[in-house]
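Worksheet: the structure to be examined is printed underneath.
Computed from heavy atoms alone, side chains included, the values below leave out hydrogens, waters and symmetry copies.
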Amino acid sequence: MSDVASPPTRQDLTPGDVTETEATTTTTVPTTGADLYGDRKDVVVVRVDGTLWDLDREIPGGAVVEPVTIDEPDGLDVLRHSAAHVLAQAVQQINPEAKLGIGPPVKDGFYYDFDVAEPFTPDDLKALDKAMARIIKEGQTFRRRVVTEEEARAELAGEPYKLELIGIKGSGDDAEEAADGASVEVGAGELTIYENVRGAGRESETVVWKDLCRGPHLPNTKILGQGVKLMRSAAAYWRGSEKNPMLQRVYGTAWPSKDELKAYQERLAEAERRDHRRLGTEMDLFSFPDEIGSGLPVFHPKGGVIKRVMEDYVRQRHIEEGFDYVGTPHISKEGLFHTSGHLPYYADTMFPPMDLEGSEYRLKAMNCPMHNLIFRSRGRSYRELPLRLFEFGSVYRYEKSGVVQGLTRVRGLTQDDSHSYVTPDQAPAEVKHLLNFMLSLLKDFGLNDFYLEISTRDHAKPGKFVGSDEDWAAATKVLQDVATETGLELVPDPGGAAFYGPKISVQAKDAIGRTWQLGTVQYDFNQPEGFGLEYTAPDGTKQRPVMIHSAKFGSIERFMGVLIEHYAGQFPVWLAPVQVLAVPVAEAFDDYLKDVVAQLKAQGIRAEIDLSDDRFAKKIRNASKQKVPFTLIAGGEDAEAGAVSFRFRDGTQENGVLVAEAVEKIVAAVRDRAQV
RNA sequence: GCCGCCUUAGCUCAGUCGGUAGAGCGGUUCACUCGUAAUGAACAGGUCGACAGUUCGAUUCUGUCAGGCGGCUCCA
């Protein structure tokens with residue numbers, strides 16, 4: 001990765017500023033990373049004046065050098081990228097006709113794209129895993145060689161995709177822009193080829209494989225050890241464009257050790273156990289009947305409880321926060337979406353029109369146009385602002401068949417959508433209000449770890465966005481300032497804005513560290529103009545409001561999916577479809593527990609009793625599998641004492657709790673939205 | 001939408017190298033059942049995703065479509 005602009009480095013610091021544990025060294029005479037750190041097995045490359053270099057590359061005098069270990073982010077990238085090279089070597093060893101695409105490191109692993117006549121099968125992957133293991137075991141050396149463009153073209157004459165990358169570089173485009181990951185192959189500086197050498201240093205040494213690559217690499221394939229495994233293969237468009245040919249991409253994972261690989265595989269297994277699609281079926285929450293159509297969920301009674309409780313709570317909180325609950329239809333004449341400006345941008349993702357009595361109607365894909373009509377239904381005074389309209393809007397989006405996925409990507413969804421109409425002066429306070437409100441709501445549902453993404457217009461694509469540069473700059477500043485005030489991490493997303501204005505989106509981390517995009521706050525100065533929205537100002541003039549869109553969860557369906565995975569189906573009491581399951585030790589105690597259940601129901605608790613003729617142990621098993629927060633057990637000892645015994649989902653137990661206390665305890669757990 | 005794989009009972013899956021199918025769980029019934037993750041037995045349940053084609057015969061082979069899974073692209 002030579003000569004590429006890189007993040008600030010320690011060369012900018014005076015020696016006294018260096019607080020990191022890794023010491024830097026300033027070279028006085030030419031040397032190499034291997035000379036400096038050769039005795040440290042965990043050092044895989046060096047950072048020379050902020051850029052990563054191979055260990056055996058000669059470093060000039062006067063450079064600031066620091067070691068990069070295999071377990072730090074840069075070191076892991078090097079490890080994974082080197083694994084990608086081994087994969088490519090294995091592929092061409094088995095199939096010399098395979099043409100190379102690109103092979104960058106990605107989160108937790110790497111991939112490499114190949115143009116091959118036949119897609120890879122699972123058996124192919126097994127064979128490749130074995131071939132890779134052999135290459136790793138034989139300890140090939142990665143050797144860097146600088147080449148001219150002419151030399152590179154000659155050596156890579158048989159690799160059309162590599163030649164294309166050289167061409168991109170030659171044309172002066174930024175390789176990073178040209179193809180996601182292509183910068184791994186061709187940097188912005190000199191061209192290099194990496195050779196894999198068998199028996200390096202010996203007379204018999206042979207170059208067994210080579211690839212155009214900016215590097216750097218591990219010194220030796222042996223370092224990959226037993227931490228590498230191929231995961232799957234899939235197709236991917238060359239350079240990320242659907243206009244280009246499809247290549248076959250092989251994904252792998254790579255870790256510094258076998259144990260870390262195993263830990264990663266265990267994390268994947270845990271994610272699979274939590275998969276909301278699996279739990280949704282097991283817990284009888286929802287389904288996607290083929291007869292209805294792809295991406296259109298139905299909620300079963302237990303899933304319906306969760307959805308209703310979520311909605312009830314969110315509606316109540318909105319009302320407390322000054323929102324007015326409104327209702328709008330699922331369908332409208334399509335002129336409305338021309339007025340709003342949506343149709344030219346989103347026609348592809350709206351269901352096609354239906355012709356009724358000479359008018360074209362469309363299923364609603366967004367709620368804002370209808371809320372605008374509510375605003376416009378009569379004259380508005382500045383005294384009414386901020387005017388906040390909120391509803392659970394059912395919207396339908398024609399998502400392409402390949403992207404529909406569980407509850408997280410559907411074609412029919414319920415948005416917890418609000419639109420605040422404010423004066424331009426009120427906008428910053430309202431954005432702040434919405435953002436804090438959203439974060440507090442998410443915390444009530446048990447999510448506590450957030451970062452924000454701020455999506456702005458992309459000047460390179462003027463056709464995608466509406467409005468003047470000044471309006472965009474002003475709107476972006478409002479969002480930026482409020483987002484900064486939260487103290488949360490801010491990630492820029494240039495080009496990610498809606499056509500009508502910039503947005504902040506909230507990303508939440510779940511219990512196993514995955515992030516999900518949830519709510520958004522969007523600043524819109526375009527639709528008020530399109531709809532001619534006005535209010536009367538104190539001086540009697542007509543003024544244009546700004547509208548601020550906000551969905552707190554994004555969609556109820558997706559958020560339910562996130563919650564199912566976050567809690568692994570073990571919901572906090574207030575959300576659990578069944579909060580209490582009473583299990584009599586024997587039939588003789590049925591009536592005793594029926595009475596307890598009746599007392600709980602009188603307090604609004606979702607309590608059931610297991611009156612089946614299963615044996616006691618089986619009933620415990622069933623209760624456990626249902627993930628009910630409180631299992632209440634009663635037998636002779638409990639009944640005599642006027643008590644019940646609690647059994648919790650982790651198997652722990654609290655025996656002999658007086659019935660009145662038990663009811664109070666359960667009611668309190670629901671009221672406090674407690675997890676038990 | 002694109003590429004690959006998949007679709008057999010409510011669920012999870014066997015199976016048929018072309019002669020219309022099985023298990024476990026779940027369901028129903030009966031018997032049993034007084035303390036912490038499976039009591040036993042019997043019964044019911046399937047146009048083998050849909051539609052074409054090849055064939056004496058298709059759940060099995062071929063094609064198209066639908067749905068699912070994994071990616072790519074997209075995601076107001």
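- Between B/A21 and B/A58, the two P atoms lie 14 Å apart (nearest whole Å).
- Candidate nucleotides B/C34, B/C3, B/G1 were compared by shortest atom distance to the side chain of A/E242, and B/G1 ranks first.
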Would you sort out whether A/E270 and A/R273 count as a salt bridge (charged side-chain N to carboxylate O under 4.0 Å, His left out), showing the intermediate values? CA-CA 5 Å; A/E270 175 60 25; A/R273 283 191 288 274; 2.9 Å; yes

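- By the side-chain hydrogen bond (donor to acceptor under 3.5 Å, both in side chains) test, A/D108 is found to be paired with no residue, residues two or more places apart in sequence or in another chain being considered.
- Using a 4.0 Å heavy-atom distance criterion, A/A365 is classed as a base contact.
- Rounded to whole angstrom, the span from the CH2 atom of A/W238 across to the P atom of B/U73 amounts to 13 Å.
- Residues of residues 116-127 of chain A having a heavy atom closer than 4.0 Å to RNA chain B, listed by number: A/P119.
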Distance-only criterion, 3.5 Å: show the donor-acceptor pairs between side-chain atoms of residues 241-248 of chain A and protein atoms not counting sequence neighbours.
| residue | atom | partner | partner atom | Å |
| --- | --- | --- | --- | --- |
| A/S241 | OG | A/K243 | N | 3.1 |
| A/N244 | ND2 | A/W238 | O | 2.7 |

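- Atom OG of A/S468 sits about 6.5 Å away from atom CZ of A/F525, to the nearest 0.5 Å.
- Applying the side-chain hydrogen bond (donor to acceptor under 3.5 Å, both in side chains) test to A/Q522 and every residue at least two apart in sequence or in another chain returns A/Y500.
- Remark: the separation of the C1' atoms in B/C2 and B/C17 is 34 Å, to the nearest Å.
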Pair up each side-chain donor or acceptor in residues 626-640 of chain A with any protein partner under 3.5 Å, not counting sequence neighbours, and list the distances.
| residue | atom | partner | partner atom | Å |
| --- | --- | --- | --- | --- |
| A/D638 | OD1 | A/S645 | OG | 2.8 |
| A/D638 | OD2 | A/G635 | N | 3.3 |

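- Checked against the 6.0 Å centroid threshold, A/H318 and A/F437 count as a close aromatic pair.
- Proximity of the aromatic rings of A/Y112 and A/F114 is defined here by a centroid distance below 6.0 angstrom, and this criterion is met.
- An anti base is found at B/C11: its glycosidic angle is more than 90° from 0.
- A/F499 has its ring centre no less than 6.0 Å from the ring centre of A/F465.
- Residue contacts shown for A/D348 are absent, as no nucleic acid heavy atom lies under 4.0 Å away.
- Remark: A/Y567 engages no residue in a ring pair (Phe, Tyr, Trp, His ring centres under 6.0 Å) (not counting sequence neighbours).
- Using a 4.0 Å cut-off on heavy atoms, the residues of residues 495-504 of chain A that approach RNA chain B are A/Y500, A/K503, listed by number.
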Reading 5' to 3' and counting Watson-Crick or G-U wobble pairs with both distances under 3.5 Å, write the dot-bracket notation for RNA chain B, | for bases paired outside the strand. (((((((..((((.....[..)))).(((((.......))))).....(((((..]....))))))))))))....

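- Note: CD (A/Q517) to C1' (B/A76) measures 11 Å, nearest angstrom.
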Check: residues 289-304 of chain A side-chain donor-acceptor pairs under 3.5 Å, at least two apart:
| residue | atom | partner | partner atom | Å |
| --- | --- | --- | --- | --- |
| A/H300 | ND1 | A/D284 | OD1 | 2.7 |
| A/H300 | NE2 | A/S287 | N | 3.4 |
| A/H300 | NE2 | A/S287 | OG | 2.7 |

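- For A/K509, the NZ atom is loosely surrounded, since the number of other residues' heavy atoms within 6.0 Å does not exceed 12.
- Listed by chain and residue number, A/R409 satisfy the salt bridge (Lys or Arg N to Asp or Glu O under 4.0 Å) test with A/E399 (two or more places apart in sequence, or in another chain).
- The backbone N or O of A/I620 lies less than 3.5 Å from no partner atom in the side chain of A/S624, so there is not a single donor-acceptor pair.
- The side chain of A/V585 lies closest to B/G35 when the candidates are B/G35, B/A76, B/U73.
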Base, backbone or nothing for each nucleotide of nucleotides 36-43 of chain B, written B, S, -, heavy atoms under 4.0 angstrom, 5' to 3'? BBBB----

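- Distance, A/Q507 CD to B/C75 C1': 13 Å, rounded to whole Å.
- Residue-level contact check: A/E587 touches the bases, meaning some heavy atom is under 4.0 Å from a base atom.
- The two residues A/V585 and A/F616 have their closest heavy-atom pair at CA-CD1, 3.5 Å.
- A cation-pi arrangement is present between A/K665 and A/F646, with the terminal nitrogen or guanidinium carbon under 6.0 Å from the aromatic centre and inside a 45° cone about the axis.
- Both cation-pi conditions hold for A/R249 and A/Y111: the charged atom is under 6.0 angstrom from the six-membered ring centre and inside a 45 degree cone around its axis.
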Assign a letter to each nucleotide of nucleotides 66-72 of chain B from its 5' end: B, base within under 4.0 Å of a protein heavy atom; S, sugar-phosphate only; -, no contact. -SSSBBB

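- A residue-by-residue look at A/Y398 and A/A586 shows that A/Y398 has its nearest nucleotide of RNA chain B further toward the 5' end.
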